Amino acid sequence: MKDKIIPIAAVLSLIFIILVSIIVGKKIKQYVPSSEEQDLETYFGITSDDEIAIELNHNIIEEKALLRDGGIYLDFNYVHDNLNDRFYWDTNENILLYTTSSDVIKASADSKDYYIGRKKDSKPYKIVLVNVDKTYIALDYVAEYTNLTYEYFEEPDRILMQTKWGTVTKAAVKRKTQLRVEDSVKSNILKELEKDDTLIKLETMKEWSKVATEDGLIGYVQNKRLGAETEETQSHEFAEDTFTHQIRDYEICMAWHQVTVPEANSTIVNVLQNTKGINVISPTWFYLNDNDGNIANLASTDYVKYCHDKGIEVWGLVSNLENSEVSSTEVLTHTSKRENLENQIIAAAIQYDLDGINVDFEALESAVGEGFIQFIRELSLKCDGNGIVLSVDNYVSSDYTKFYDREEQAVFADYLIVMAYDEHYAGSKESGSVASLGFVTKGADDILDEGVPAEQVVLGMPFFTRVWAEKPKDSDGDDAESASENYIPYELSSEAVGMLSAQRLMEVNGAEKTWLDDMGQFYTEYVNNNITYKIWFEDVRSIEEKLKVMDSHKFAGAAFWKLGLEDTTVWDTIIKYIN
């Protein structure tokens, strides 16, 4: 029996030893550093020979550059959205444009040539490449106009771009170690690090630090392998473009004068005779009249001379609204047509001795936003070169008008006029104020928040109001429509009227008005022939509330739409706040 027990004990001992060895082996393996090297093409996401990885400000991004004929090219959309949005690509005519404070620089696709104004020059590389579905710009060309630096490394091909500057934390390697993909000794090795190699510390954790090497590898190193930290300030000498503006040394008191036929120019004497303090008038003289960028012209030399004799500047308005057959998108997105429009505007301004141009392009599609901004850039240079003030009419800020890019407009245009009215308009689904105090104040706040300097903002105010009519529907309340929760039991319509006309309507119908503090307006409603009428008045008092907004925001002045609709006593109030 004893002889049998001994072999069993031996077997059990052997099994125990094996189990212990396995456990110990696993433990040892758990702490033994991996020696497997990371494939760098996989690390950078490179999948073809002509791809170049991009690392921007120590972040590896998904976007790839293109290696072509020894040059490095970046996708236009990436450049525009991330590096410099002043580059403009005309997809219709295959022209790359860049606008500085003094010139428009043009380069055509697949060419080494470019033009600064009319002066031709060349680069040792093709500036723009066009593939089937992408447009690329040479990185060296981008760097000329953008505050960035880059370094190029091979094996694998990659570029390190930097656009942010400031203080970075560095540390030297104390002794030979490894840079790993993750913060674990079991992670693959990106690079063998030698003693005294300098690393940029991006993030410090308990046992590891996320670091960047000088050749653009980003990974993790154990803290115990790093020496003392040092601070280093990084900078890049880049001459930022500087822009100047034709800003008047007085507050702007501007009024629009609606001119729809040449004969209306002769009314300027009567239009101005009861006004006070106007120093700028903007007649609606020009509008886009065909898809080639030609304009209709209602201007008058006598009109301008009369205004100049009265000490009033004339800023001719150019609009895109009068001819419904014209496509603003067609004109603004074709460089040749856009330039034709600009040249015609400038030619008219010179011919009629205008002091300024007022651009009023409304109801644009978001797809034409870039073309519109390029129009403002190019027109501003032509205006500046001829001593002509450029002002641009703008909606109040909103998500659906962001593409008007008011901040970029302000870089090039001299004044931005905020049309702080049409809060409720002819097509509104409910009645309401044209320009309540809250609406105006928010519009004033928002344009400053968008980065437009107060000294370039002119606050637009209405001399008109809307008379809203709510006519009951012919319905017995039994049909499906009237049973709906959102059912409106009346047909809504409105009519824009002047200040005195609204007052007379109230008086004729025996109604009374009530001041609404939150609206900064008087309000009335009355019933006539079973129709309910509602009016939020624009009058002397409501205009004064808006002038207070202009004053408190330290804006450049005010503009009023339109002459002829005002109660003439309003001018006494206006001159209290302007001039």
Side-chain angles (χ1 to χ4, degrees), residues 245-248 252-260 278 280-288 295 313-322 328 331-332 341-342 345 349 354-366 368-369 371-380 383 388-398 400-423 425 434-435 439-440 443-444 446-448 450 452-464 496 546 550 553 555-563 565:
H245 298 92
Q246 299 181 75
I247 301 297
R248 298 301 188 235
I252 300 297
C253 184
M254 171 178 155
W256 285 285
H257 179 204
Q258 189 171 28
V259 177
T260 57
I278 290 179
V280 176
I281 192 167
S282 180
T284 59
W285 276 344
F286 312 109
Y287 59 86
L288 190 55
I295 62 172
E313 293 191 10
V314 181
W315 295 0
L317 181 144
V318 56
S319 169
N320 68 325
L321 299 176
E322 279 68 24
S328 300
V331 175
L332 294 179
L341 170 61
E342 296 156 6
I345 292 170
L354 302 184
D355 307 280
I357 289 295
N358 177 232
V359 172
D360 184 41
F361 272 44
E362 301 183 35
L364 295 177
E365 302 170 347
S366 59
V368 76
F372 172 73
I373 291 300
Q374 188 60 24
F375 168 56
I376 298 302
R377 291 181 184 124
E378 294 166 359
L379 183 59
S380 76
C383 283
I388 299 165
V389 173
L390 177 61
S391 62
V392 185
D393 300 339
N394 278 273
Y395 299 115
V396 295
S397 304
S398 65
Y400 55 86
T401 62
K402 283 185 181 296
F403 65 87
Y404 277 89
D405 197 350
R406 284 163 277 264
E407 182 178 14
E408 181 71 354
Q409 283 186 46
V411 173
F412 288 88
D414 300 305
Y415 292 101
L416 269 63
I417 301 175
V418 183
M419 300 181 292
Y421 43 83
D422 284 338
E423 178 181 4
Y425 50 93
V434 167
F439 178 80
V440 174
D446 286 348
I447 196 163
L448 296 181
E450 286 191 73
V452 179
E455 62 269 20
Q456 288 181 253
V457 178
V458 176
L459 189 62
M461 307 178 193
F463 278 163
F464 69 96
K546 295 171 179 57
M550 175 208 75
H553 286 72
F555 284 160
F560 306 94
W561 178 268
K562 62 180 179 172
L563 287 174
L565 294 181

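Below, each value reflects all heavy atoms present in this structure, side chains not excepted, and no hydrogens, waters or symmetry copies. Just so we're clear, the structure is a prediction, and the values are computed from it rather than from any experiment.
- Scanning all heavy atoms of the two residues, the minimum distance from Ile447 to Ser397 falls at N-OG, 4.0 Å.
- In this structure a side-chain-to-backbone donor-acceptor pair under 3.5 Å is present from Asp414 to Gln246.
- The shortest side-chain heavy-atom distance between Asp393 and Trp256 falls under the 4.5 Å cut-off.
- The OG atom of Ser366 lies 13.5 Å from the OH atom of Tyr400; values are rounded to the nearest 0.5 Å.
- Put simply, the side chain of Val392 reaches to within 4.5 Å of the side chain of Phe372, judged on heavy atoms.
- Side-chain atoms of Leu379 and Leu341, non-hydrogen and from C-beta on, never get closer than 4.5 Å to each other.
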key: Gln409 vs Arg406, side chain to side chain donor-acceptor pair (under 3.5 Å): CA-CA, chis, key distance, verdict   = CA-CA 5 Å; Gln409 283 186 46; Arg406 284 163 277 264; over 6 Å; no
request  = Evaluate side chain to side chain contact (heavy atoms under 4.5 Å, CB included) for Leu459 paired with Val440, printing each intermediate quantity in order.
outcome  = CA-CA 9 Å; Leu459 189 62; Val440 174; 4.0 Å; yes
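- Separation of atoms CZ (Phe555) and CD (Gln456) is listed at 12.0 Å; rounding is to 0.5 Å.
- The line from CG of Leu390 to CD1 of Ile345 is 9.0 Å long, rounded to the nearest 0.5 Å.
- Between the side chain of Tyr395 and the backbone N or O of Ala363, at least one donor-acceptor pair lies under 3.5 Å.
- Here the closest heavy-atom approach between residue Lys562 and residue Phe463 is recorded as O-CD1, 3.4 Å.
- With hydrogens and angles ignored, the 3.5 Å screen pairs no side-chain donor or acceptor of Asp360 with any backbone N or O of Asn358.
- Scored by the side-chain contact (heavy atoms from CB on, under 4.5 Å) test, Phe439 finds Val396, Glu423, Ser436 as partners (sequence neighbours excluded).
- If you take CD1 on Ile281 and CG on Leu563, they are separated by 5.0 Å, rounding to the nearest 0.5 Å.
- Listed for the Lys546 side chain is a donor-acceptor partner under 3.5 Å among the backbone atoms of Ala435.
- The minimum heavy-atom distance between Ser282 and Leu317, with the atom names listed, is OG-CB, 3.6 Å.
- Phe464 is listed as a side-chain neighbour of Tyr421, based on a closest heavy-atom distance under 4.5 Å.
- Judged by distance alone, the side chain of Glu322 and the main-chain N or O of Tyr287 form no donor-acceptor pair under 3.5 Å.
- In this structure, the side chain of Ser380 does not engage the main chain of Ala413 through any donor-acceptor pair within 3.5 Å.
- Trp561 has its side chain within reach of Gln258: a pair of non-hydrogen atoms, C-beta onward, lies under 4.5 Å apart.
- The heavy-atom pair separating Ser319 from Phe361 by the smallest distance is C-CE1, 3.9 Å.
- Under the 4.5 Å side-chain criterion, counting only non-hydrogen atoms from C-beta, Val418 is in contact with Val457.
- In this structure the side chain of Met254 reaches within 4.5 angstrom of the side chain of Trp315, judged on heavy atoms.
- A distance-only check finds no donor-acceptor pair linking the side chain of Glu408 to the backbone of Arg377 [under 3.5 Å].
- Of the possible polar contacts, one joining the His245 side chain to the Val411 backbone as a donor-acceptor pair under 3.5 Å is found.
- Judged by distance alone, the side chain of Glu407 and the main-chain N or O of Val452 form no donor-acceptor pair under 3.5 Å.
- Atom OG in Ser328 sits 5.5 Å away from atom CG in Leu364 (nearest 0.5 Å).
- In this structure, Val314 and Trp285 have side chains that are in contact, with non-hydrogen atoms separated by less than 4.5 Å.
- Counting all heavy atoms, side chain and backbone alike, Tyr415 lies closest to Glu455 at CE2-O, 3.9 Å.
- Taking OG1 of Thr401 as the start and CG of Asp446 as the end, the distance is 9.5 Å to the nearest 0.5 Å.
- Minimum heavy-atom separation, Ile373 to Tyr404: CD1-O, 3.0 Å.
- Atom OH of Tyr425 sits in a sparse spot, with 12 or fewer heavy atoms from other residues, nucleotides or ligands closer than 6.0 Å.
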